[in-house]
Number of protein chains: 2
Amino acid sequence: MINKPEFSIPEPTLRRLPRYYNYLKELLKSGREIVSCTHIGKDLDLDPPQIRKDLAYTGIRGVPKVGYQIEVLLNSIEEFFGWNNMDEAFLVGVGNMGRALIDYQGFRRYGFKIVAAFDNSPDIIGKTFGGVEVLPLSKLTNLCSRMNIKIGVITTPDHAAQEAADMMIAGGIIGIWNFAPAEIRTPEGVIVQNENLATGLAVLSKKLQILKQSGKFRQEVDQ
Amino acid sequence: MINKPEFSIPEPTLRRLPRYYNYLKELLKSGREIVSCTHIGKDLDLDPPQIRKDLAYTGIRGVPKVGYQIEVLLNSIEEFFGWNNMDEAFLVGVGNMGRALIDYQGFRRYGFKIVAAFDNSPDIIGKTFGGVEVLPLSKLTNLCSRMNIKIGVITTPDHAAQEAADMMIAGGIIGIWNFAPAEIRTPEGVIVQNENLATGLAVLSKKLQILKQSGKFRQEVDQ
DNA sequence: TTTTTATCGATAAATTTTTCTCGATTACAT
DNA sequence: ATGTAATCGAGAAAAATTTATCGATAAAAA
């Protein structure tokens, strides 16, 4: 049903790697220089062999009895994801979520930068948030092609999501990060990453429900 | 390494269900009353048997040749997650992400409501966002117990996350939805749901990278 | 009424992902 | 120098998840 690239990386691995990355950044800041999978496993509550396997996907090799040099490991992950070549993106829908993403400087770390925002509310067009100007939606498609932007972020209400996507795609965008709780139809060759905040909440609330019902158990959960 | 409850539901299923839920809400709004897995599968690009299996976890049964009544299906999912009993939550860290979550009314749909926010910046203590007052952090623990709050949301900078968690846990919170890019250590019996926005971005950027390298393929991706 | 078709539920097969095992390597202690 | 312990990598085994198959059921068509 879904075409996969030749050498596919397990999606769970793909989802764990950013977690390692954040954790390793913290660790490096705390003064540590070398770390083993055993050590990581203890802190992240994961099995060492799995961590080893995940990290191996980025092409790194560890040293027996020692582990990995954290700095090299961080570079390896950065390179794996391509976080070295900065990706510029447009954002549509300057509500609270949109502003949160614009202001969140943390994305720079991941080679990701929102360079312009679009909305069709006259109240906010022309205003600037976190150094990013809000432009009228009508300019979206044209600017996409002119600036050769390939990634779009949708933070509109759900009823406006499809239109935003259509305009993006018309402008040549091939990757859409969709925060609107709506399904977006796209032609082939466009990748949609649906980011439904409710998913995390749902998983959490279900686990709590089970916890309440059936005694105590410990569980750490991601994303 | 991780204890699981007796009857565990596959996590992928848990993550797909909210997506079905949103989709079905849309569908119902558009006038449809009955839907089959085949139909859902076409729209969501998933295999019908998988959808059937996922939905079966909520306890619903379909009718051959017909499918499911959308309204009944929605109820079934709501009940499965316990979205009928509203869960009240506290939020710590009233930055942009915090405000985005406070203002996002959409969570009501999932039986989730942020009833108070905490921060230790004098600039915002006392202010109100989306009807939610910002209180000083020092009141967190005490209010947690007094109001019997069980869910906490952390949207602080990473260095403040552990402290926020500790205060929450001291107040009796057992479920933490953590948006800070930091690992939180918790005692047994506390569930942490790490919500790392960068994960979605990482997955998207990796897929784009592969797409650019190896010709075209279509892919829809979630969370 | 009978036949055809779509869809379901249940189960089996295939695939993917995680976990385990084991020999090899390196640091540290003796 | 030699032995011991920690950790790695690679591959095997186990577990979980997805996909396919098949008989049953209900609606629609003949």
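In what follows, every chain begins at residue 1, and chains take the letters A, B, ... in the order their sequences are listed. Predicted model, so just to flag it, every value in this text is computed and none were measured.
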With no hydrogens and no angle check, is any side-chain donor or acceptor of D47(B) less than 3.5 Å from a backbone partner on P49(B)?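 No; zero donor-acceptor contacts below 3.5 Å.
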Using only atom types and a distance under 3.5 Å, with no angle test, would you say the side chain of T141(A) pairs donor to acceptor with the backbone of M167(A)?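 Between the backbone of M167(A) and the side chain of T141(A) there is a qualifying donor-acceptor contact (under 3.5 Å).
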Give the rounded distance in Å between these two atoms: [atom1] of [X] and [atom2] of [N].
X      : N       : atom1 : atom2 : value
E11(A) : dT18(D) : CD    : P     : 11 Å
Y68(B) : dA26(D) : OH    : C1'   : 15 Å
Q69(B) : dA26(D) : CD    : P     : 16 Å
L73(B) : dC8(C)  : CG    : C1'   : 14 Å
Q50(A) : dA15(D) : CD    : P     : 16 Å
H39(B) : dT7(C)  : NE2   : P     : 10 Å
I40(B) : dA6(C)  : CD1   : P     : 18 Å
D54(B) : dT19(D) : CG    : P     : 10 Å

The criterion is side-chain contact (heavy atoms from CB on, under 4.5 Å); which residues satisfy it with [X], sequence neighbours excluded?
X       : result
K150(A) : N148(A), I174(A)
S205(B) : F81(A), W83(A)
K65(B)  : none

Ring centre gap for F90(B) and W177(B) strictly below 6.0 Å: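 No, ring centres 6.0 Å or more apart.
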When the ring centroid of Y57(A) is compared with that of F80(A), is the distance short of 6.0 Å?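 No: the rings miss the under 6.0 Å criterion.
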Nearest to the side chain of C37(B) - dC8(C), dG9(D), dC8(D)?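 Taking heavy atoms from C-beta onward, the closest nucleotide is dC8(C).
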Side chain of D47(A) only, heavy atoms from C-beta on: which candidate in dA10(D), dT19(C), dT18(C) is closest?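 Closest of the options to the side chain of D47(A): dT19(C).
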So what does P10(A) hit on the nucleic acid, given a heavy-atom distance under 4.0 Å: a base, only sugar-phosphate, or nothing?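 Contact class for P10(A): sugar-phosphate only.
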At a cut-off of 3.5 Å, list every protein nitrogen or oxygen paired with a nitrogen or oxygen from nucleotides 12-14 of chain D, distance to 0.1 Å.
unit_1  : atom_1 : unit_2 : atom_2 : d
dA12(D) : N6     : K53(A) : NZ     : 3.4

With sequence neighbours excluded, residues passing ring-ring contact (aromatic ring centres under 6.0 Å, His included) with Y68(B):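 By the ring-ring contact (aromatic ring centres under 6.0 Å, His included) rule, Y68(B) matches no residue at all.
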For dT17(C), take OP1 and OP2 only and decide whether either is under 4.0 Å from a side-chain N or O of R16(A).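 No, outside the criterion.
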Ignoring backbone atoms, establish whether Y57(B) has a side-chain N or O less than 4.0 Å from OP1 or OP2 of dT17(D).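 Answer is no, no contact under 4.0 Å.
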Nucleotides 22-29 of chain C: which of its N/O atoms have a protein N/O under 3.5 Å away?
none

Please determine whether a side-chain nitrogen of the Lys or Arg among E183(B) and R19(A) lies less than 4.0 Å from a carboxylate oxygen of the Asp or Glu.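 Looking at R19(A) together with E183(B), the answer is yes, because their closest N to O distance falls below 4.0 Å.
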